[in-house]
Amino acid sequence: MHQTILVTGATGTVGREVVKQLSMLDGIRVRAGVHSLIKGENLRRLPGVEVVEMEFTDPESLHAAFTHADKVFMVTPFAQDQTEMARTLVDEARKAGVKHIVKLSALGAGEEPGIQLGRWHREIERYIEQSGIPYTFLRPASFMQNFDNYNSETIKQEGKIYMPCGDGKVSYIDTRDIAAVAVEVLTGTGHEGQVYDLTGPEALSVDEVADTISLVTGKPVLFVDVPEENARAAMQQQHVPDWMADALLELYSVHRAGYSSGVTSRVEELTGRKPHSFRQFVKEHKDCFV
Ligand SMILES: NC(=O)c1ccc[n+]([C@@H]2O[C@H](COP(=O)([O-])OP(=O)(O)OC[C@H]3O[C@@H](n4cnc5c(N)ncnc54)[C@H](OP(=O)(O)O)[C@@H]3O)[C@@H](O)[C@H]2O)c1
């Protein structure tokens, strides 16, 4: 029997990879939940994938996406009202009789008092726990893809990575490995009620990240450790809202203090494959940096 898996945030960094990997499997109908049908056009070309429009702030727009969905891979965006959005999604999942929610959370979401980013995720996790729907929480470390999404411009133009992280090490993970775990959890058995902390194979400082990019691409890249007040001023100049700047600077302070350097073996245990190293990631994404 075919099962239908809804992926929310399906055009995002993790969601699109989950859709891609699920589309390679037989017996799965993949429903890609997208914010805009135009952005979701590429996903429609994948085998077994249907694309549906979703607006997380509008419950009425969610009905079609959840109808007859057996399982959901749930991504909510980095937004100030993300917990409200998530509650709306969980309510719709319950109405539709969804049998399993796999939620993309964040490493450290279980820490008390933790940081704001983690507290938002934990609030959503609690709402899912109380919904009665079987769940699995994936708590990944920071994504390797952040260096492509947020730093590639200064790397390409100036050969520099500006971040307020000092020499704190972070166990960056490739989002392809998060997706591989998500696919295993969504299609395998025995994952209900589990919480998985997911990291890459090693912890690196941003200085080591810059060295790796230099070594692999042949282009010299330097890390510039930015004082927190300068980072805030730069964000203000780019019209980053205060709530977002506060949350990001708090995250960077945790990185700086070395609290994000723990490495787990979960990816290999769950997928049977070693997670991608940062070196492999750069090799396969050279265009983002040169
Ligand atoms: N980045 C990291 O290092 C990191 C680490 C750990 C955990 N996380 C967590 O990962 C999650 C983000 O995942 P990601 O990076 O894959 O996301 P992303 O690339 O930012 O994508 C977010 C997705 O949600 C969609 N979306 C945004 N607002 C929406 C709305 N109102 N209605 C419907 N769809 C909407 C976006 O579509 P449009 O683009 O079309 O709006 C996009 O498809 C966050 O919860 C974050 O805390 C991130």
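Atoms within each ligand, like the ligands themselves, are counted from 1 in listed order. Just so it is clear, the model here is predicted, and its values are computed rather than measured.
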Checklist line | R44/E41 ion pair, N-O < 4.0 Å | finding: yes
Margin query: Please determine whether a side-chain nitrogen of the Lys or Arg among E123 and R87 lies less than 4.0 Å from a carboxylate oxygen of the Asp or Glu.
Written below: yes
Margin query: Judged on heavy-atom distance to atom 6 (C) of ligand 1, which of P140, A32, A65 sits nearest?
Written below: P140
Margin query: If you measure every N or O of F78 against every N or O of ligand 1, does any of those distances drop under 3.5 Å?
Written below: no
Item checked: K20 (side chain) donor-acceptor with L46 (main chain) under 3.5 angstrom -> no
Notebook entry, point to check: Is the side chain of R16 donor-acceptor paired with the backbone N or O of T11 at a distance under 3.5 Å, no angle test?
Noted result: yes
Check: Under 4.0 angstrom from ligand 1, any heavy atom of R139?
Finding: no
Notebook entry, point to check: Any N or O on A141 sitting closer than 3.5 Å to an N or O of ligand 1?
Noted result: no
Checklist line | Identity and separation of the nearest protein heavy atom to atom 36 (C) of ligand 1 | finding: T11 OG1, 4.3 Å
Check: Nearest protein heavy atom to atom 28 (N) of ligand 1, by residue and atom, and its distance?
Finding: P77 CG, 3.5 Å
Notebook entry, point to check: Of the protein's non-hydrogen atoms, which lies at the shortest distance from atom 33 (C) of ligand 1, and what is that distance?
Noted result: M54 O, 3.2 Å
Next item on the list: Would you mind running through ligand 1 and noting each atom that sits below 4.0 Å from a heavy atom of N146?
Entry: 1 (N), 2 (C), 3 (O)
Notebook entry, point to check: Is the closest side-chain donor-acceptor distance between T175 and Q145 under 3.5 Å?
Noted result: yes
Next item on the list: May I ask you to check whether H63 and K95 show a side-chain donor-acceptor distance below 3.5 Å?
Entry: no
Next item on the list: For the pair R122 and E112, find out whether any cationic side-chain nitrogen is under 4.0 Å from an anionic carboxylate oxygen.
Entry: no
Item checked: Which of the ligand 1 atoms, numbered from 1, are nearer than 4.0 Å to a heavy atom of K39 -> 38 (P), 39 (O), 40 (O)
Next item on the list: Report yes if some N/O of L104 lies less than 3.5 Å from some N/O of ligand 1; otherwise report no.
Entry: no
Margin query: Geometry only, no angles: is G12 polar-contacting ligand 1 at N/O separations under 3.5 Å?
Written below: yes
Check: With a 3.5 Å cut-off and no angle check, do the side chains of S152 and H285 form a donor-acceptor pair?
Finding: no
Check: Does the pair E129/R126 count as a salt bridge with the N-to-O cut at 4.0 Å?
Finding: no
Note to self: When you measure from atom 43 (O) of ligand 1 to the protein, is at least one non-hydrogen atom found at a distance under 4.0 Å?
What the structure shows: yes
Next item on the list: Note the single closest protein heavy atom to atom 46 (C) of ligand 1, along with its residue, its atom name and the distance in Å.
Entry: H121 NE2, 3.8 Å
Next item on the list: Starting from the C-alpha separation in whole Å, work towards a yes-or-no answer on side chain to side chain donor-acceptor pair (under 3.5 Å) for S265 and E269.
Entry: CA-CA 6 Å; S265 48; E269 284 162 16; 2.7 Å; yes
Notebook entry, point to check: Of F289, F278, Y162, F223, which is the lone residue that meets ring-ring contact (aromatic ring centres under 6.0 Å, His included) with F147?
Noted result: F278
Next item on the list: Identify which of V14, V7, T76 has a heavy atom lying nearest to atom 11 (C) of ligand 1.
Entry: T76
Notebook entry, point to check: Are any of the N or O atoms of S36 closer than 3.5 Å to those of ligand 1?
Noted result: no
Notebook entry, point to check: Salt bridge or not for D225 and R256, using N-O below 4.0 Å?
Noted result: yes
Next item on the list: Please write down residue, atom name and distance for the protein heavy atom closest to atom 31 (N) of ligand 1.
Entry: E55 OE2, 3.0 Å
Check: Can you tell me the protein heavy atom closest to atom 15 (O) of ligand 1 and the distance?
Finding: F143 CE1, 3.5 Å
Checklist line | Nearest neighbour in protein (non-hydrogen) for atom 24 (O) of ligand 1 | finding: G9 CA, 3.6 Å
Next item on the list: Specify the protein heavy atom at minimum distance from atom 37 (O) of ligand 1: its residue, its atom name, and the distance to 0.1 Å.
Entry: H35 CB, 3.4 Å
Notebook entry, point to check: Is it true that S105 lies under 4.0 Å from ligand 1, counting heavy atoms only?
Noted result: yes
